[in-house]
Amino acid sequence: QVQLVESGGGLVQAGGSLRLSCAASGSIFSINAMGWYRQAPGKQRELVATITSGGRINYADSVKGRFTISRDNAKNTVYLQMNSLKPEDTAVYYCAADVRRSILSSLQDYWGQGTQVTVSS
């Protein structure tokens, strides 16, 4: 089994910063892409940022220049540094990872339980 555990969410004023962390553990041979998604009330889940094992990064236009994704491959951990937060960034943030559990297995998607980020105006 594979578990993703997020931490770092909370309540912050507009203009403030938060740093999210997500650690993957369990039966892991390798991890390809890791990323962050978010879902605001009444809206669909959307991509925030992804990063491959080789360091290729993709950001949603809405967070470019404000958010920074990074990862520590040795720790199977991905981070999201969020600066200049806006009320519209309020959402539940989910971590995701494409995991290969053995050398013979295919990639599978795993998700964390989510962490709430609330930005007050």
Side-chain angles (χ1 to χ4, degrees):
Q1 192 57 282
V2 175
Q3 298 84 35
L4 301 181
V5 179
E6 301 115 332
S7 60
L11 173 64
V12 65
Q13 289 188 332
S17 298
L18 284 174
R19 188 185 192 224
L20 305 183
S21 299
C22 172
S25 63
S27 179
I28 297 171
F29 175 76
S30 65
I31 301 178
N32 187 9
M34 301 185 79
W36 293 94
Y37 296 74
R38 67 186 181 187
Q39 188 167 19
K43 294 188 177 182
Q44 288 188 326
R45 190 173 297 188
E46 63 177 5
L47 178 146
V48 176
T50 59
I51 183 169
T52 67
S53 57
R56 186 165 59 189
I57 291 173
N58 181 47
Y59 291 107
D61 288 342
S62 59
V63 307
K64 283 180 180 176
R66 300 188 298 123
F67 291 10
T68 301
I69 190 170
S70 61
R71 68 189 277 179
D72 185 331
N73 290 330
K75 295 181 179 179
N76 289 334
T77 299
V78 63
Y79 307 95
L80 186 68
Q81 178 67 43
M82 303 185 294
N83 299 328
S84 303
L85 282 161
K86 304 175 181 180
E88 50 264 43
D89 294 318
T90 295
V92 177
Y93 283 70
Y94 296 91
C95 170
D98 294 334
V99 177
R100 196 182 304 275
R101 296 183 63 185
S102 74
I103 194 169
L104 296 177
S105 54
S106 58
L107 286 169
Q108 289 181 273
D109 291 339
Y110 291 88
W111 292 84
Q113 79 286 355
T115 185
Q116 178 69 47
V117 171
T118 302
V119 184
S120 63
S121 57

Hey, what do you get for [atom1] ([X]) to [atom2] ([Y]), rounding to the nearest 0.5 Å?
X	Y	atom1	atom2	answer
Cys95	Leu80	SG	CG	10.0 Å
Gln13	Thr118	CD	OG1	13.0 Å
Ser30	Leu107	OG	CG	6.5 Å
Ile31	Ile51	CD1	CD1	12.0 Å

Heavy atoms only: give me the nearest [X]-[Y] pair and the separation to one decimal.
X	Y	answer
Ala14	Pro87	CB-CD, 4.1 Å
Gln81	Ser17	NE2-CB, 4.0 Å
Ala24	Leu4	CB-CD2, 3.2 Å
Tyr93	Val48	CE2-CG2, 4.1 Å

Given side chains that start at C-beta, do those of [X] and [Y] come closer than 4.5 Å, heavy atoms only?
X	Y	value
Arg101	Ile28	no
Cys22	Trp36	yes
Leu20	Val117	yes
Val92	Thr115	no
Glu6	Ser21	no
Arg66	Lys86	yes
Asp98	Tyr110	no
Gln39	Glu46	no

Counting only N and O atoms by type, is there a donor-acceptor contact under 3.5 Å from the side chain of Thr90 to the main-chain atoms of Glu88?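 No; judged by distance alone, with no hydrogens or angles, the pair does not exist.
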Under 3.5 Å: donor-acceptor pair, side chain of Thr50, backbone of Met34: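 Looks like no, no N/O pair under 3.5 Å.
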Using a 3.5 Å cut-off and no angle test, enumerate the donor-acceptor pairs between side-chain atoms of residues 54-62 and protein atoms at least two apart in sequence or in another chain.
{"residue": "Tyr59", "atom": "OH", "partner": "Ile69", "partner atom": "N", "Å": "3.0"}
{"residue": "Asp61", "atom": "OD1", "partner": "Lys64", "partner atom": "NZ", "Å": "3.1"}
{"residue": "Ser62", "atom": "OG", "partner": "Arg38", "partner atom": "NH2", "Å": "3.4"}

Arg71 charged N/C atom sitting above Tyr79 aromatic ring, 6.0 Å / 45°: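 Judged by the rule (NZ or CZ under 6.0 Å from the ring centre, within 45° of its axis), Arg71 is not positioned above Tyr79.
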Ring geometry between Tyr94 and Trp111 (parallel below 30°, tilted from 30 to 60°, perpendicular above 60°):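 It falls in the perpendicular class, over 60°.
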Between Leu85 and Phe67, is a side-chain contact (heavy atoms from CB on, under 4.5 Å) present by the stated rule, with each step listed? CA-CA 9 Å; Leu85 282 161; Phe67 291 10; 3.7 Å; yes
Any chain of hydrophobic side-chain contacts (each under 4.5 Å) joining Val78 to Tyr37?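 Looking at the clustering, Tyr37 is in a separate group from Val78.
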